[in-house]
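Before any comments, here is the structure.
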There are 2 protein chains.
Amino acid sequence: MAYTVRQLARLAGISPRTIRYYDEIGLLKPAQVSAAGYRLYGQAEVDRLQQILFYRELGVELKKIKRLISAPSFDELAALREHRAKLLAKRRQVDLLIANVEKTIALKEGKTTMTDQEKFEAFKQKMIAENEDKYGAEVRAKYGDEAVDRSNALLKNMTAEQYAEWQKLGEEVLNTLKAAMATGEPAGDLAQKTADLHRQWLTFSWNHYNKEAHAGLARMYVADSRFTAYYDDQIQPGAAQFLCDAILIYTGQQQ
Amino acid sequence: MAYTVRQLARLAGISPRTIRYYDEIGLLKPAQVSAAGYRLYGQAEVDRLQQILFYRELGVELKKIKRLISAPSFDELAALREHRAKLLAKRRQVDLLIANVEKTIALKEGKTTMTDQEKFEAFKQKMIAENEDKYGAEVRAKYGDEAVDRSNALLKNMTAEQYAEWQKLGEEVLNTLKAAMATGEPAGDLAQKTADLHRQWLTFSWNHYNKEAHAGLARMYVADSRFTAYYDDQIQPGAAQFLCDAILIYTGQQQ
DNA sequence: TATACACCTTTACGTTACGTTAAGGTCAAC
DNA sequence: GTTGACCTTAACGTAACGTAAAGGTGTATA
């Protein structure tokens, strides 16, 4: 069946305006245009729209969606499998929120206590390093207990002031890393300052710091795609690698 | 602990700009302002922000959030319980999407077939009436099998053209209902046309229509809060009641 | 004591993904 | 042959911020 704008919109549960907008930005072009100028969509467009909506559901910007699915290397099946993984992650996130709201209910009923930091924990999609209660076992098995002995207890045992300081340090690491990357020199002052800030940041959650473990974590940043994705996304592609290099130099552990 | 803008932002995992914006629109005002003009937030504001983020997570507009939590009748505990219910619904929605992506994967692997309407089914947050595969048992127990014998099979057995026609009718019901409500007369021409369109729409999924069942469904629209919420939200408050009245007159079943 | 430097402020314009008229052409149906 | 539901482009409006710009604040350090 060939769909007009409104028919396609109804099929997908979106507005006609959205369909036209997607044409305007070149995200979804009609299969053909009738003599009267009517947009007409076919099977390929229906499937493409479904892909688009999966990406949109997962919060991807339209510009990025366009880049992704227009790439000649775009693999529909692989994309669907990634959607699946992302949706599973999203469900875990919703589960966290449910746990959080339940704990907050208990708090309001006077049945428990909650620190300020706990109240917002589930809203943040955190870096894996701060999520070890969920990934801990996995990471532990891979990299040993040494580097992963911090956990949820951290949130409960830190005072609000300590937590604020910790968060601030985390932000500074990112800011300094960004500036350092602009220089392009992992051995430069800024990059070494980044590594030092990173050490200070770690010290909050590690009960004993040593250079070997620090360097080990740095290597993990490039080895584990979830870490890499986090830094590359927050800063720019290559950020995880750059940080790793800087830390290896800082700890004198580069071979 | 008293938080500055940036500290509160870090605590909640949002940007300082967002905090200031919430002040600007009167959604979250600081507990006090220092001599130098610095915003300072206390415990009550932290808790209010948590509530705000729960609503935001569920897609509620900031303007509406403000109305809700600023109302003198606002019950924090009741709101939290509603968040819980909505989050559970959201998880069901994500589950639907996961099922959909898995079926689509199977489709691309040539292991199954899928109609166009099935491809987008999970993206729509539908009215309960179209969701009977999930609520069916419940509604069935409450209102009998008579009115609820349509199901998922409908999507698979309708041709794309039939489905398009059905969707169109559904839209027309809403449009006509909107216009009819402006007249305020459930017995008027427009309202009766709405009831007739509603009958046609039903006929697509009911294998045998009769006035009694139609009137019964109309009564359910005001009895079941999920139906009421759907129509009241799509049109305006009172829409479900108005539609019910019109249908009762149309079917001659009003007492 | 000066000077970094990270913070704070307001003002104001930019952005994304559409919603919403407005003004006019198209097409199947009664 | 005229509704009435559709289609078109154009253009302005909106929500929820992001992003400088220009200037004041607070404190740690050289």
Side-chain angles (χ1 to χ4, degrees), chain A residues 2-10 12-28 30 32-41 49 52-53 55-57 59-67 164-165 167-176 178-179 190 193 197 234, chain B residues 2-10 12-28 30 32-41 52-53 55-57 59-67 161 164-165 167-176 178-179 190 193 197 234:
Chain A
Y3 295 96
T4 67
V5 164
R6 191 164 301 249
Q7 284 166 346
L8 183 60
R10 276 200 282 247
I14 59 184
S15 76
R17 167 68 187 160
T18 298
I19 301 287
R20 293 205 183 88
Y21 180 65
Y22 288 179
D23 181 12
E24 188 184 329
I25 64 173
L27 181 55
L28 182 70
Q32 84 218 48
V33 177
S34 81
Y38 287 24
R39 293 172 180 83
L40 293 173
Y41 298 85
L49 180 55
I52 291 170
L53 291 189
Y55 279 114
R56 191 182 75 159
E57 185 70 29
V60 181
E61 289 167 32
L62 300 186
K63 206 178 287 182
K64 191 172 182 184
I65 298 178
K66 186 182 171 186
R67 261 195 299 113
E165 185 61 26
Q167 294 282 89
K168 178 182 166 178
L169 264 172
E171 244 185 71
E172 276 187 279
V173 170
L174 290 182
N175 289 335
T176 316
K178 197 169 180 179
L190 265 170
K193 188 184 168 190
L197 283 168
Q234 292 286 314
Chain B
Y3 297 96
T4 66
V5 164
R6 191 165 301 250
Q7 283 166 346
L8 183 61
R10 277 199 283 246
I14 59 185
S15 75
R17 166 70 218 211
T18 299
I19 300 287
R20 293 203 184 89
Y21 181 65
Y22 288 178
D23 181 13
E24 189 184 328
I25 64 173
L27 181 57
L28 182 70
Q32 84 218 48
V33 177
S34 81
Y38 288 23
R39 294 172 181 84
L40 293 172
Y41 298 85
I52 291 169
L53 292 189
Y55 279 113
R56 191 182 73 159
E57 185 70 29
V60 181
E61 289 168 31
L62 299 187
K63 206 178 287 183
K64 191 171 181 184
I65 298 179
K66 185 182 171 186
R67 261 195 299 112
E161 284 77 8
E165 184 62 28
Q167 294 283 87
K168 178 181 167 179
L169 264 172
E171 242 185 72
E172 275 188 279
V173 170
L174 290 181
N175 289 334
T176 317
K178 197 171 181 178
L190 265 171
K193 188 183 168 191
L197 283 168
Q234 292 286 314

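All values reported here derive from a predicted model rather than from experimental measurement. Here is the naming used below: chain letters follow the sequence lines, and residue numbers restart at 1 for every chain. The analysis underlying the following values was restricted to heavy atoms, covering all of them including side chains, and did not include hydrogens, waters or symmetry mates.
- If you take OG1 on B:T176 and CD on B:E171, they are separated by 10.5 Å, rounding to the nearest 0.5 Å.
- Taking atom CD1 on A:I25 and atom P on C:dT15, their separation rounds to 15 Å, with Å as the unit.
- Rounded to a whole Å, the CZ atom of A:R56 is 16 Å from the P atom of C:dT16.
- At C:dG19, one or more side-chain N or O atoms of A:T18 fall inside 4.0 Å of OP1 or OP2 (strictly under the cut-off).
- Residue contacts shown for A:S15 are limited to sugar-phosphate atoms, with no base heavy atom under 4.0 Å away.
- Computed from coordinates, the A:Y41 OH to D:dC7 C1' distance equals 12 Å when rounded to whole Å.
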Would you list the protein and nucleotides 6-9 of chain C atom pairs, both N or O, that sit under 3.5 Å from each other?
{"residue": "C:dC8", "atom": "OP1", "partner": "B:T4", "partner atom": "OG1", "Å": "2.7"}
{"residue": "C:dC8", "atom": "OP1", "partner": "B:R6", "partner atom": "N", "Å": "3.1"}
{"residue": "C:dC8", "atom": "OP2", "partner": "B:R6", "partner atom": "NE", "Å": "2.8"}
{"residue": "C:dT9", "atom": "OP1", "partner": "B:R39", "partner atom": "N", "Å": "3.0"}
{"residue": "C:dT9", "atom": "OP1", "partner": "B:R39", "partner atom": "NH1", "Å": "2.8"}
{"residue": "C:dT9", "atom": "OP2", "partner": "B:R20", "partner atom": "NE", "Å": "2.7"}
{"residue": "C:dT9", "atom": "OP2", "partner": "B:R20", "partner atom": "NH2", "Å": "2.6"}
{"residue": "C:dT9", "atom": "O5'", "partner": "B:R39", "partner atom": "NH1", "Å": "3.4"}

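- If you take NZ of A:K66 and P of C:dT16, they are 12 Å apart, rounded to a whole angstrom.
- Atom pair A:I19:CD1 and C:dC18:P shows a separation of 10 Å (rounding to whole Å applied).
- In this structure, the CD atom of A:Q234 is 15 Å from the C1' atom of D:dG18, given to the nearest Å.
- Between A:K168 atom NZ and A:L197 atom CG the span is 10.5 Å, to the nearest 0.5 Å.
- A:L40 CG to A:Q7 CD: the interatomic distance, rounded to the nearest 0.5 Å, is 9.0 Å.
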Worked verdict on B:Y55 versus B:L62 for side chain to side chain contact (heavy atoms under 4.5 Å, CB included): CA-CA 8 Å; B:Y55 279 113; B:L62 299 187; over 6 Å; no

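- With rounding to the nearest 0.5 angstrom, the OH atom of B:Y3 is 8.0 Å from the CG atom of B:L8.
- Put simply, the residue from B:R39, B:R17, B:K66 that forms a salt bridge (Lys or Arg N to Asp or Glu O under 4.0 Å) with B:D23 is B:R39.
- Atom C1' of nucleotide C:dA17 and atom CD of A:E61 are separated by 11 Å, given to the nearest angstrom.
- Note: OH (A:Y21) to P (C:dA17) measures 5 Å, nearest angstrom.
- Note that the CG atom of B:N175 and the CG atom of B:L190 stand 11.5 Å from one another [nearest 0.5 Å].
- Considering only side-chain N and O atoms, A:Y22 lies under 4.0 angstrom from the phosphate OP1 or OP2 of C:dC18.
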